[in-house]
Amino acid sequence: MLSAELSYNTFAPVYERYTAMVGKIAEAQETAAFLEQFCNGRSALELGIGNGRVAVPLTGRGVTVEGIDTSDNMLKLLAKRTSLIKAWKGNIADFNLGQRYRLVYCVYNSFMVLATREEQIACLRSAAGALDEDGVLVIEVRVPDFEGFVGGQKTTTMLVDSENTFVNAEIHDPITQNLTQTLLWFTGTSVRRIPERLRYVYHQELDTMAECVGLELAERWGDWKRGAFTSASKRHVSVYRRTRLKC
Ligand SMILES: C[S@@+](CC[C@H](N)C(=O)[O-])C[C@H]1O[C@@H](n2cnc3c(N)ncnc32)[C@H](O)[C@@H]1O
């Protein structure tokens, strides 16, 4: 049984280096700028806050950010970076912090770490319950892409430089929509294995799940700069608000 907690505990010591190499640190300010616009001076909650890659720059813009994460080691990284962010160890599939936020957000495919449809709906339900009256939920998730899969599997060389080789091995189960993958990171004479089970969703399924918990799509973009979401988009940034009664 794959555990996200164990995987991210293993990932934590190299998470910052990894996210720097794949360009995710470079876009964190852009992500924070997008999210800030929804806060209106109110607080925000990040689901799967990790090391604060986005939460720290969002805090730097004057937003009070809180977070939830399942991995002790990721939470320790966050605590090392800042004392301004309150974070809980918990499961984003089922939470109730007893307070409301103007913004709840889940970025960098963290929604996909919930490996069943039921857990994903439960997460959306918990998130909806944590929004204040005018609050929004923002989800950034990649568009499913099966290019290169042969016989339900694919191995991708993600990065090679003079010190590192990243190879990702994936198996696709179209019945559960699971991608079971292991990132292999070779450096010097060592290799780290970071296994993970993800569940992909198309944007339309995400909308339907959101509708089930009383949310409706307000905006959808192809990137953090509000580029259009098109058939060429690799990801989407979707903004949900409480469903408004139509007269
Ligand atoms: C892809 S990382 C993203 C971290 C951070 N949001 C970022 O953008 O860099 C996913 C994060 O979700 C956390 N996570 C995985 N499964 C979780 C769960 N069921 N509940 C809470 N956090 C979870 C991991 O520990 C990890 O920190």
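Remember, it's 1-based here, ligands and their atoms both numbered in the order they're listed.
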List ligand 1 atoms under 4.0 Å from [X], heavy atoms only on the residue side.
| X | value |
| --- | --- |
| G90 | 20 (N), 21 (C) |
| A4 | 15 (C), 16 (N) |
| E46 | 5 (C), 6 (N) |
| G50 | 4 (C), 27 (O) |
| N91 | 18 (C), 19 (N), 20 (N) |
| V107 | 8 (O) |

Looking at ligand 1, is there an atom of it that comes within less than 4.0 Å of some heavy atom belonging to [X]?
| X | result |
| --- | --- |
| S110 | yes |
| T19 | no |
| A55 | no |

Does only the side chain of [X] get under 4.0 Å from ligand 1, or the backbone, or both, or neither? Count heavy atoms.
| X | answer |
| --- | --- |
| T70 | both |
| L114 | side chain |
| K24 | neither |

Do any N/O atoms on [X] end up under 3.5 angstrom from N/O atoms on ligand 1?
| X | answer |
| --- | --- |
| D69 | yes |
| A93 | no |
| I92 | yes |

Would you please indicate if the ring centroids of Y105 and F38 are separated by under 6.0 Å? no
What do you reckon, are the aromatic ring centroids of Y15 and Y18 less than 6.0 Å apart? no
Taking all non-hydrogen atoms of both residues, which atom of [X] and which atom of [Y] are closest, and how far apart?
| X | Y | result |
| --- | --- | --- |
| E36 | V63 | CG-CG2, 4.3 Å |
| L124 | L215 | O-CD1, 4.3 Å |
| I68 | N91 | CG2-N, 4.2 Å |

Which residue and heavy atom of the protein sit nearest atom 8 (O) of ligand 1, plus the separation: R53 NH2, 2.9 Å
Residue and atom name of the nearest protein heavy atom (relative to atom 5 (C) of ligand 1), distance in Å to one decimal: G48 O, 3.4 Å
Find the distance between CD (E196) and CG (N178) and round it off to the nearest 0.5 Å. 11.5 Å
Supply the atom-to-atom distance E140 CD to D223 CG, rounded to the nearest 0.5 angstrom. 9.5 Å
Name the one of V104, V107, L58, D69 that satisfies side-chain contact (heavy atoms from CB on, under 4.5 Å) with E46? V107
Regarding R81 and E16, does a basic nitrogen lie under 4.0 Å from an acidic carboxylate oxygen? no
N-O pairing of R235 and E27 below 4.0 Å: yes
Out of Y15, Y108, Y8, indicate the one that has the non-hydrogen atom closest to atom 4 (C) of ligand 1. Y15
Main chain of E147, side chain of K154: is a donor-acceptor contact present, judged purely on distance under 3.5 Å? yes
